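One structure is given here, and the rest of the page talks about it.
Note that the structure is predicted; figures quoted are calculated from it, not measured. A note on names: the letters A, B, ... follow the listed sequences, proteins ahead of strands, and every chain is numbered from 1.
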Amino acid sequence: MEKISPRTLSGFMELLPQRQALFDKMAEILRTSFSLYGFTPLDTPLIESAEVLLAKGGGETEKQIYRLKKGDSDLALRFDLTVPLAKYVALHGNELTFPFRRYQIGKVYRGERAQRGRFREFYQADIDIIGDGTLDIMNEAEIPSIIYRCFTTLGLQKFVIRVNNRKVLTGLFELSGVGDKAGDVMRIIDKLEKIGKDKVLKLLEEDAGLGADQAEQIVDIVTCQERGDDPIEKLTALKGRNETFDLGLSELSAVTKYMGDFGVPASHYKIDLTIARGLDYYTGTVYETMMTDQPEVGSICSGGRYDNLAGYYTDRKLPGVGISIGLTRLFFVLEDGGYLNDEVCTAPADVLILPMTDDLRHAIALATAMRQEGLRVQMYAENKKFKARLSYADKLKIPYVAFLGEDEIKDGFVTVKDMASGEQTTASAAMIITALKDNIRRLSEGVPIREPKK
RNA sequence: GUGGGUAUAGCUCAGUUGGUUAGAGCGCUGGAUUGUGGUUCCAGAGGUCGAGGGUUCGAGACCCUUUACCCACCCCA
């Protein structure tokens, strides 16, 4: 019979076991970090009614969403975790306690053309804080500190969190008399880093219809940090002429001031007046995090403040702030840069037990005793040559192999081989277990996902 | 959606102006070594050259069609 050739779709990441184990460790580190800040875990369905997911309608979302029909139902795969959160909060608002802090790690789907570091199916790790009616500015400063902790705990150093405020931009555009072109201008400004000042000026004039002076003035202010100016100072000079602008400026000042107190060092964040993107529901503070070694891959983590999360589902006013870490992209970047640390233990077990006799009872009893003590144990009972069994442990990087042959059983002992050193020890099961627990703990301590800086 | 590139062994890739039986490294299997892996040595398996059509005495190579994948734009994690 002709076989169907196995394949994985473009834009879908599929990992071999050791890489998968590393990926899961990353996710675990994020979970632990999030819980340090008092976030509660949440899971929502991958599939929602198309009506719910497309509430906002139009634009890229509509083009990129995977839509499916099942019978008469019109369904869609979620393309982010924020819209499902909005639905969740609108639906369960009366049973939740606010401010509601939740984290969620899950797959999302975007039917766009795949590219370097861009996937159609990818993991997002989201944290959001939703207020009931109001939400203090402190939360907007706390969010980047969580990013900082997550990334550094992963062993990453070369990243920078860029912060901006949409109200500042909006106010600035109003001051310059940009009018209803604000959206276009914002999108073009956002390209500054990628295409450079000259092309941006050209686009501002040609596409957004700005005057040359107007464009020059905006670009001048927005790029001030590139020339070593303090953006807050530069902006303060424009104060008192536009309400939105003044509000944005005070928010931006507060956020950056508190960020230092939250422990984010100045080396790892900067005010960047050119970042504007993220989804268009952001209304205030916005964040974007890039790896400084691979900026071309784009943002690894973006987010911001939104004033009305669930407006499509409820009249209740629910302001929030949140970020989304592109876990799949982050993993890709680490792998692509050769940064994944091979020393991280990815073995599925701590000990491999090799029963050498037909009677498996002793081996099973040993495995049970070891598991009771928290050791991760596999038994290899396949009828293979001895070397094949050892090679199994070697390939899976299982650090210890326990032999149970006739001699060991007769004397009530176990022989354990340390695969790294090749050293073998024969002793009672109890002693072996105690020693292994110590060694395993030592092996797993303090090994970062990312290769230590050379 | 638009533009460009690639497709040869499980993986990464060679393959000369078209010419005998399509190669390498890694991986895999077996042996050296039946209670010792990772190193070394020896042997072996594995290919409708993405698919379909055409040109030719002869096509992995040239032409057409098609599919898939990759890269970039748009947009975005």
Ring-face cation of A:R101 near A:F39 (centre distance under 6.0 Å, axis angle within 45°)
yes
What N/O pairs connect the protein and nucleotides 39-41 of chain B at under 3.5 Å? Give each pair on its own line.
none

Please list each protein N or O that sits under 3.5 Å from an N or O in nucleotides 25-28 of chain B, with the distance.
residue	atom	partner	partner atom	Å
B:rC28	OP1	A:K395	NZ	3.3

Can you give me the N/O atom pairs linking the protein to nucleotides 1-10 of chain B at distances under 3.5 Å, or say none if there are none?
residue	atom	partner	partner atom	Å
B:rU2	O4	A:R113	NH1	3.3

The ring-ring contact (aromatic ring centres under 6.0 Å, His included) partners of A:H362 (sequence neighbours excluded) come to none
Rounded distance in Å - CD1 (A:I188) to C1' (B:rC75):
14 Å
Mind checking what makes side-chain contact (heavy atoms from CB on, under 4.5 Å) contact with A:L443, not counting sequence neighbours?
A:P399, A:Y400, A:I440
Report the distance from atom CG of A:L352 to atom P of B:rG35, rounded to the nearest whole Å.
17 Å
Under 3.5 Å, is there a donor-acceptor pair linking the side chains of A:S299 and A:S302?
yes
Bracket string, RNA chain B, 5' to 3' - pairs by Watson-Crick or G-U geometry under 3.5 Å, | interstrand:
(((((((..((((.....[...)))).(((((.......))))).....(((((..]....))))))))))))....
Between B:rC76 and A:R329, counting only base atoms on the nucleotide and side-chain atoms on the residue, is there a donor-acceptor pair under 3.5 Å?
yes
Look at the side chain of A:R118 against the base of B:rC75 and say whether a donor-acceptor pair falls under 3.5 Å; ignore hydrogens and angles.
yes
Got a donor-acceptor pair under 3.5 Å from the side chain of A:K387 to the base of B:rU36?
no
Answer yes or no: is there an ion pair linking A:D184 with A:R187, defined by an N-O contact shorter than 4.0 Å?
yes
Any salt bridge linking A:K87 with A:E51? Criterion: basic side-chain nitrogen under 4.0 Å from a carboxylate oxygen.
no
